[in-house]
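Report on the structure given below.
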Amino acid sequence: VLTAAACGSSGSGSGSNGAGSGGTKVQGGTATYALPPNTVPNYIFPFNSSTYFSTANSQYFQYLMYRPLYWFGNGASPTLNTSVSVADEPVFDGNKVTINMKGWKWSNGETITAQNVVFWIHMMQAVGATDWGDFTPGYFPDNVSDVTAVSPTELTMEMKKSYNHTWFTYNQLSMITPMPKAWDRTASGPSDCTNNVSDCSAVYTYLDSQSKEQTSWASSPIWSVVDGPWKLQSYNASGNSTFVPNDKYSGPVKPTLAEFKELPFTTESAEYNVLQAGGNQIDVGYLPTTDAPATSNPSEASTNPVTGYTLNPLYEWSINYFPINLNSTTGNGPVNRQLYFRQALQYLVNQAAIIKGPLHGYGYPTVGPVGTIPATDYLSSTGKQGDPFPFSVDKAKELLTEHGWDVKPNGISTCSDPAKCGEGVKQGQQLEFTMPYATGTGWIEEMVAQLQSNATLAGIKLNVEGKPFNQVTAIGAGNCVVVKSSCDWDMVLWGGGWSFSPDYYPSGETLFEGGSTANSSGFDDQQNNTLINETLTTNSLDPLYQWQDYLAPKLPESWLPNGVYELTEVVNNLQGVIPQSSTGQLNPENWYFTK
Amino acid sequence: VTGFFIRRLLQAIVVLLLVTMIVFILLRSIPGNVAIAILGPSAYRNPEAVAQFNAQYGFDKPWYTQYLQWLGHLLQGNLGYSWNLNQSVASLLSTHLPKTVALVGISTLIALIIAIPIGLWQAVRRNKPVDYIFTGVSFLFYAAPSFFVGTVLILLFADTWHIFAAEAPQGGLWNCLTDWRAMTLPVVTLTLVTFALFSRYMRSSVLDNIAEDYIRTARAKGVPGRRVLFRHVLRNSLIPIATLLGLSLPGIMAGALITESVFNFQGMGYLFYQQAQKQDYPTLLGIVVVIAVATVVGSLIADILYAILDPRVRYVSA
């Protein structure tokens, strides 16, 4: 999903490592977790519409109580974790997928069955197009022709074509969260969405209405049926939540803590004030990037300004970029469509300097459509070589000059030879662009200032306009031609790019395929589309490598550094928090205090 | 008197209508796609959901139709629903407003209790060292942004000396009123930046009154200086303070935004700021209604206080 440059934290998927020094494990205790600034869970029903499709609702809240069918996160690696998943790894046979349930239990004693999975899929079939925030036409469940609960423990699906097993598991089955029978009801009594899709709309309406009754979440007979390691004990609308262990949890690691609390914060500074004041009000918090000690190793902090805590940088499984609108109607569309221009601009994005300066060393360059951090098998050998467009004003000027531009450093370059400038570019056209960007995050604002300054060195004038994040994404996070919104913009920068969750396999069909609604720049290339299709249907990483190596230099977006998601501070006597999950999962059941 | 109140009430209704209409139009003028701002960027992949949202909440209708619809709901006591926060606006206000009222009310009261005697003292001791010292202090806090004052207080009293908490109480109104370790620094911050304004006005007002003929007459008639000061000067000097207080209440509430943000205080000022970033129109309109009502009521209270403090006003009204 599209992501903000934000601050958030998550726990490990393995629980094998801890923060600080060792000690004797203590049973019980309360761990307090600082929610990212201005981030409050506000929806409990794990079937999130676009409005409620967020890390705060899913990873920080719902997943603690309601477990997805498949869990992604092995320590920092964004891969399938079968031990924590509710079902065994899917078995593929041609177009058929078989899912075997592990027989784990709901908190009311019932078994998590194949019917509970069908319940969710039927809900998706009934209302997914309007009420599931990650719905993409043509993909799940449109690409499945038959779903059958063969027995309480076995579910089969017939795919409309043979898909790459990894892709289908990581990007399609990853969305499913089994729902208990107790939820299959409306206000008037039990319903049968599990067996009849036609019943699901009314069930959804009822469950959605129950999710709006925030004051009764903790006592609700609906929401108190959980299969995750935690139950909600209390919640208030400001975002203060307290969880207690679910004694019936069937997973391999039962909670050691007696309570897990989440605290909301207005700003990073407010949280940092509390952290610095001591008193152990926060066990897992974060350090604002602006207060971070500079480091030469992005994965390690050199020093920690907060005593009694361990500082651990968390990187999200994501890429960062800003779109250049190829369909711009400002008059700059023809310029933006020129590959040489996008390459010239990319040479002016000094990723190394952004990481060293605004990010204080905590960042990795984005080299293409596949993330560089955490290290995965998905990144091609070419991608592993680093930034394909290292900062070079000379190369940027050279590219522009070669293509008929009269380059005026610190001025505005003009097209002097339209035949060379490219199709649609007029004689005398100037390299002047508008760029709305999201305000509120220090390093993003510094990065924009740096980018603007660098661009002037090649005579490219960027008229940057600071706006709230939501306004920036409303302008440019979608393909303006496909979604029929205004194309009257040249470039936008919201600072966060794309987070691979719940599409953990970085195959690019939602972001880079021609005609995709999230393809903000409007990039459309037949070879790219063909290669994406191959990644979706071939059980090999080779098409993924070929695709990213083809796409990265085409610059469907302008690559930006992937900044640290959060500089997590873990109190020294709390173990099991590190390594943190790059997929944003929070696993306090792995946490324990020591003495 | 009844006629006065009816006239003021009618004026208040007109003001409220105009304020809400102007704010409504301004909010609708913000560039960008409202549905995308509310539903989130992932809705770009789901045009059907966007269309359904627009139809359901009337965003596909002209602004005046939307305004009249909102007004109709308001008259029925329905302030709307915040999609962002998944709560009714009335519910949001019921949790956030009392906390802000407590913060603003307590700090304003303390600011007045400090500012009035200081202003009086400064006027009496005009151009003496004590006047210069308090003038300097007033200017310092008047010029200092509340986030700066708050941060310095946290550094000293929470981080260094551990006397008070660095964040405000996290519970409801009762916590705010009882947890003084957590509530002190936000209250002191808002008090310091507010008292300067009141003390300067008070000083100026007292100086004006001291020079009036009726004071000279009272003194010529042999009324003791202390009695002149407290019976005559003080009472008349409070008139502009009453007016200022009534009109500045909404401003103080808005000013609480920064203090709320620094101290992690989940109040109404901070709520307004955050929801403005997210184009949460129902919440913004609901808060604007509250602030507009506070302004009108504040103005009304100022008039009433004015009448109490200055008998001539009562005679004119009668």
Side-chain angles (χ1 to χ4, degrees), chain A residues 1-2 38 40 42-43 49-54 129-137 211-212 214-215 236-240 263-267 269-271 273-279 281 440 467-475 477-479 482-486 494 510 516-518 520, chain B residues 30-53 81-88 91-92 95-96 99 147 150-151 154-155 157-160 162 164-168 170-172 260-266 270 273-274 276-280:
Chain A
V1 295
L2 180 140
N38 188 29
V40 175
N42 56 18
Y43 201 74
S49 63
S50 295
T51 312
Y52 305 114
F53 205 91
S54 66
T130 52
D131 295 311
W132 174 244
D134 202 33
F135 181 83
T136 308
S211 197
K212 293 186 191 311
Q214 294 185 349
T215 51
N236 72 22
S238 297
N240 294 274
L263 267 185
F265 281 92
T266 50
T267 61
S269 304
E271 186 271 348
N273 286 335
V274 177
L275 207 59
Q276 282 186 309
Q281 290 181 69
K467 292 179 186 295
F469 175 82
N470 280 34
Q471 279 190 36
V472 175
T473 53
I475 293 168
N479 183 325
V482 176
V483 301
K484 297 183 175 59
S485 61
S486 171
W494 58 84
T510 49
S516 162
T517 48
S520 327
Chain B
I30 294 174
N33 187 324
V34 178
I36 294 297
I38 300 294
L39 296 174
S42 59
Y44 268 128
R45 281 186 278 167
N46 199 347
E48 211 177 319
V50 173
Q52 190 193 50
F53 180 87
Y81 197 85
S82 166
W83 307 287
N84 278 326
L85 299 168
N86 194 24
Q87 286 183 73
S88 69
S91 162
L92 280 168
T95 51
H96 289 74
K99 293 169 73 173
F147 75 85
T151 304
I154 287 172
L155 280 173
F157 293 97
D159 293 358
T160 308
H162 304 290
F164 299 113
E167 69 171 344
Q170 291 303 299
E260 290 178 2
S261 171
V262 170
F263 289 97
N264 198 34
F265 190 94
Q266 311 277 345
Y270 183 74
Y273 173 70
Q274 286 304 329
Q277 304 277 311
K278 295 171 180 171
Q279 291 175 258
D280 185 353

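Proteins come first, then strands; the chains are lettered A, B, ... in the order of their sequence lines, and each starts at number 1.
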Query raised in the report: So which part of A/Leu263 gets closer than 4.5 Å to some heavy atom of chain B, the side chain, the backbone, both or neither?
Result: side chain
Query raised in the report: What is the distance from atom CG of A/Leu275 to atom CG of B/Asp159, rounded to the nearest 0.5 Å?
Result: 10.0 Å
**Report entry** Which portion of B/Gln52 sits near chain A, non-hydrogen atoms under 4.5 angstrom
**Finding:** side chain
Report task. Sort A/Gln281 into side chain, backbone, both or neither according to what part of it lies under 4.5 angstrom from a heavy atom of chain B. Result -> side chain
Report summary line: Most contact-rich option vs chain A, by heavy-atom pairs under 4.5 angstrom, among B/Leu92, B/Val50, B/Ile154, is B/Ile154
Report task. Find the one option among A/Ala129, A/Ala518, A/Ser54 whose heavy-atom pairs under 4.5 Å with chain B are most numerous. Result -> A/Ala129
Report task. Among A/Trp132, A/Phe265, A/Tyr43, single out the residue with the greatest number of heavy-atom pairs under 4.5 Å to chain B. Result -> A/Phe265
Query raised in the report: Which one, A/Ser516, A/Ser485, A/Ala277, leads in non-hydrogen pairs under 4.5 Å with chain B?
Result: A/Ala277
Query - B/Trp83 CH2 to A/Thr51 OG1 distance, which is reported to the nearest 0.5 Å - result: 9.0 Å
Report task. Return the option, out of A/Gly440, A/Pro264, A/Gly278, with the maximum number of heavy-atom pairs under 4.5 Å with chain B. Result -> A/Pro264
Query raised in the report: What part of B/Tyr81 is in contact with chain A, defined as an atom under 4.5 angstrom from a non-hydrogen atom: side chain, backbone, both or neither?
Result: side chain
Query raised in the report: Out of B/His96, B/His162, B/Gln87, which one racks up the most heavy-atom pairs below 4.5 Å with chain A?
Result: B/Gln87
Query raised in the report: Closest approach of A/Thr266 and B/Gln266, non-hydrogen atoms and distance?
Result: CG2-NE2, 4.2 Å
Query raised in the report: Which bit of A/Ser269 comes within less than 4.5 Å of chain B, counting heavy atoms only: side chain, backbone, both or neither?
Result: neither
**Report entry** Contact class of A/Asn273 relative to chain B, heavy atoms under 4.5 angstrom
**Finding:** both
Report task. Determine yes or no for a side-chain-to-main-chain donor-acceptor pair under 3.5 angstrom, with B/Asn86 supplying the side chain and A/Asn42 the backbone. Result -> yes
Query raised in the report: Atom OH in B/Tyr273, atom CG in A/Asn38: separation rounded to 0.5 Å?
Result: 9.0 Å
Requested in this report: Tell me, for A/Gln276 versus chain B, whether the close heavy atoms (under 4.5 Å) come from the side chain, the backbone, both or neither.
Outcome: both
